Amino acid sequence: MYNDIEVWFVTGAQLLYGGDAVIAVDAHSTEIVKGLNSSGKLPVKVVYKGTVNSSSEVAAAFSAANNDRRCVGIITWMHTFSPAKMWIKGLQEFHKPLLHLHTQFNKEIPWSEIDMDFMNLNQSAHGDREFGHIVSRMRKNRKVVVGHWSDERVQERIGTWMRVATAWADAQEMLVVRFGDNMNNVAVTDGDKVEAEMRLGYHVDYHGIGDLVAYQERVTESDINALVEEYEALYAFAANCKRGARDHGQVREAAREEIALRRFLGDKGAKAFTTNFDALHGLNQLPGLACQRLMAEGYGFGAEGDWKTAALVRTLWVMAKGLPGGTSFMEDYTYHFNGEKSAILQSHMLEVSPEITTGVPHLEVHPLGIGGKADPARLVFTAHPGAGIAATIVDMGNRFRMIVNNVDVIEPEAALPKLPVASALWIPRPNLEVGAAAWILAGGTHHTAFTYALTNEYFEDYADIAGIELLTIDEKTTINGFKFELKVNEVFYR
Ligand code: MN
């Protein structure tokens, strides 16, 4: 359950049917909202905002929703016939997520009782079509959920949208801090930060690594002692990392960086950040452990200055809050070719979130052959088997494109005793041959935001709210069909 936020419920009707009808509509709406809130299926509280019967009432409700920070979206429902011209002005102004709940108060037709009065009062089948027409005519994206409001499936679909709407609201107030720039010469991690703020909401700022070094200098030995004790309680220390052993000092330096990073991000109000192994002047080591732990706390992270993935990791984490599974920054690293079982070993130099393991991570220190710094500390583990989704957003020059690939994380065929980093082994759907080809044809990144917690519906809702292109690679994907979709989208988004 998310705190301090709401979704508003607005019922459409008109005064044609007289005062008794208005009273009944209001009572039914109140009962529906009560039912939704007590279902236990919804992560956000629904607040009934009354029945609207005119253009000015609609405009007032939508404008109030725009201006209320607690409101992350509106659910509309037409109890009776609500002539849709009255929705135009409100919809023109409204800029938050919209869900059209196509339901009706009664579940079944009262066969022996039904008369014209009943039909005129309970005509969502009719009124919701009129409403849907104007939203489509105005080319506004919204989610349409069909079914009785007491149905678990309906409630779950509303819940999914609520999580996405909450993450969307979070992104509208997201600061992404970049320490250093993008890795030189890399194309896919770069992009238009101005367009990102206009389209996706978040703001990206640059900081020289010296700004973090200044924080690091204020970290005390007792701050470090306390954090190292926390590490000792949570992780299995490698022999060389234990107190008194050769690399324990590196663990302490990692703790110093973590404390500095957390304080810096806290002071800036940042929700996501990037690092770059090329810009570490004044730091002892590439922050690995710190990035891993901060990700698990909900900070978005992207390596090598990858601010788009950092923001997406944060957004997926917010959507998944309280759900089983986990979310992490990830990178396609190495292939295992083995026919239909061909898989991709996912990892990064250091930065994989411990949210995606059910085991106890090992805290280890090893040399890193890149960046020219001292040996960094990191958590080492293998991600658990299960279905997940890898997602990315790329800048195609004239638009942002979201690509998602359903994947199946599998157990490695054997242990990886010499691999000094966290990893996951997965098979992209429908298989490596098609999945990787489609991803590459779409221009997908080597970095992804990975999650076990979410389904494709979350990404559909997100892309609709953001108004960006969505390409899904799953068990139904064929290269032929995918190429066709790419071509059609080139025309659609021209
Ligand atoms: Mn990378």
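Both counts, for ligands and for their atoms, begin at 1 and track the order of listing. No experiment lies behind these values; they were computed from the predicted model shown.
The N, O or S atom of Glu331 lying closest to the Mn ion (ligand 1) is OE2. The closest approach of His348 to the Mn ion (ligand 1), by N/O/S atoms, is made by NE2. The Mn ion (ligand 1) lies closest to atom OE1 when only the N/O/S atoms of Glu304 are considered. Per residue His447, closest N, O or S atom to the Mn ion (ligand 1): atom name NE2.
Phe450 has its ring centre less than 6.0 Å from the ring centre of Trp426. Side-chain rings of His446 and Tyr333 stay apart, their centers remaining 6.0 Å or farther from each other.
Note on residues 348-377: pairs passing ring pair (Phe, Tyr, Trp, His ring centres under 6.0 Å), not counting sequence neighbours, are Phe329-His348, His348-His447.
For the residue pair Gln250 and Asn284, a side-chain donor N or O sits within less than 3.5 Å of a side-chain acceptor on the partner.
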